[in-house]
Amino acid sequence: MSKQNIHIVNKRASYEYILLAKYTAGMQLMGSEIKSIREGNVNISDAFCFFKAHKKDGTEELYVRNMNIGTFKQASHYNHDTMRVRKLLLKKGELRKLKSKAAEKGLTIVPLKIFISETGYAKIEIAIGQGKKSYDKRESIKERDVKRDMARSSD
């Protein structure tokens with residue numbers, strides 16, 4: 001089986017947020033979901049992460065919502081729900097750091113990209129983001145245009 005480079009990127013996240021810290025997490029997926037990810041049939045532009053208390057012992061777990069993993073055509077009636085809430089797998093220390101940062105005013109956890117690791121598992125890169133103001137967004141558009149013009153002039 002050949003290794004394929006799957007990189008689904010959330011371009012909107014870097015435009016909407018100032019990214020402060022990045023983390024890599026695993027995802028708890030069904031079989032048809034990983035097959036759809038390998039096909040590149042994923043949309044994470046509207047996705048966000050949130051903490052939810054575990055029912056039995058009250059520990060907090062991190063989940064991602066509004067991540068659209070398309071249906072896998074060969075899965076027939078064993079297919080998954082495309083918009084279901086998916087659990088993210090992180091170490092306890094990382095979860096504590098994320099929870100304390102997410103509790104601060106104005107900070108949120110956003111998914112940046114989904115990729116397949118060297119071991120073949122689907123991973124998601126998440127970041128703590130602070131929402132940009134409209135003048136910050138205009139500034140990032142100016143920077144992008146200047147870089148594009150410089151690249152054109154050097155060619």
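- Tyr23 places a side-chain heavy atom less than 4.5 Å from the side chain of Leu98.
- For the pair Asn68/Asn41, no side-chain contact is recorded, criterion being any heavy-atom separation below 4.5 Å from C-beta on.
- The salt bridge (charged side-chain N to carboxylate O under 4.0 Å, His left out) test applied to Asp136 returns no partner, not counting sequence neighbours.
- With rounding to the nearest 0.5 Å, the separation of CG in Leu88 from CG in Leu62 is 4.5 Å.
- Tyr63 pairs by the side chain to side chain contact (heavy atoms under 4.5 Å, CB included) definition with Phe50, Lys52, Glu61, Val85, Lys87, not counting sequence neighbours.
- Taking a cutoff of 4.0 Å between a charged side-chain nitrogen and a carboxylate oxygen, Arg96 and Glu60 do not qualify as a salt bridge.
- To the nearest 0.5 angstrom, Lys11 atom NZ is 11.5 Å from Ile44 atom CD1.
- A salt bridge links Lys137 to Glu16: at least one charged side-chain nitrogen sits closer than 4.0 Å to a carboxylate oxygen.
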* To do: Please test Lys35 against Arg38 for side-chain contact (heavy atoms from CB on, under 4.5 Å), starting from the C-alpha separation and ending with a verdict.
  => CA-CA 5 Å; Lys35 291 178 181 181; Arg38 289 180 195 275; 5.7 Å; no
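- The CD atom of Gln130 sits 10.0 Å away from the NZ atom of Lys101 when rounded to the nearest 0.5 Å.
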* **side-chain contact (heavy atoms from CB on, under 4.5 Å) between Lys123 and Ile116, worked out** => CA-CA 6 Å; Lys123 302 284 184 175; Ile116 304 293; over 6 Å; no
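- Considering OG1 of Thr24 and CG of Leu89, their distance stands at 12.5 Å, rounded to 0.5 Å.
- The two atoms that bring Pro111 and Val64 nearest to each other are CG-CG2, 4.4 Å, heavy atoms only.
- Criterion: ILVMFWY side-chain heavy atoms under 4.5 Å apart, direct or through other members. Under it, Leu107 and Ile109 are part of a common hydrophobic cluster.
- Shown here is Lys97, whose NZ atom has no more than 12 heavy atoms of other residues, nucleotides or ligands within 6.0 Å.
- Lys132 places a side-chain N or O within donor-acceptor distance of the main-chain N or O of Ser14, the cut-off being under 3.5 Å.
- Between the CD1 atom in Ile128 and the CD1 atom in Ile18 there is a gap of 13.5 Å [rounded to 0.5 Å].
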Under 3.5 Å, sequence neighbours excluded: what are the donor-acceptor pairs made by side chains of residues 143-153?
unit_1	atom_1	unit_2	atom_2	d
Asp145	OD1	Arg148	NH1	3.2
Ser153	OG	Asp149	O	3.4
Ser153	OG	Met150	O	2.9

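- Side-chain contact check for Tyr17 versus Thr108: some heavy-atom pair is nearer than 4.5 Å.
- Environment of CZ in Arg84: crowded, with over 12 heavy atoms of neighbouring residues, nucleotides or ligands closer than 6.0 Å.
- Of all non-hydrogen atoms in Ile34 and Ala122, the two that sit nearest each other are CD1-CB, 3.5 Å.
- Considering only heavy atoms from C-beta on, Ile126 comes within 4.5 Å of Leu90 through its side chain.
- The cationic atom of Lys113 (NZ for Lys, CZ for Arg) lies less than 6.0 Å from the six-membered ring centre of Phe115 and within 45° of the ring axis.
- Interatomic distance, OG of Ser32 versus CD1 of Ile37, reported as 10.0 Å (0.5 Å rounding).
- By the 4.5 Å heavy-atom criterion applied to side chains, Met67 and Val42 are counted as neighbours.
- When side chains are defined from C-beta on, Arg86 counts as touching Ile69, because their heavy atoms get closer than 4.5 Å.
- A continuous path of hydrophobic side-chain contacts links Ile124 to Leu20 [ILVMFWY only; heavy atoms under 4.5 Å].
- Both Leu29 and Ile114 sit in one connected hydrophobic cluster of ILVMFWY residues. Membership requires side-chain heavy atoms under 4.5 Å apart, directly or through other members.
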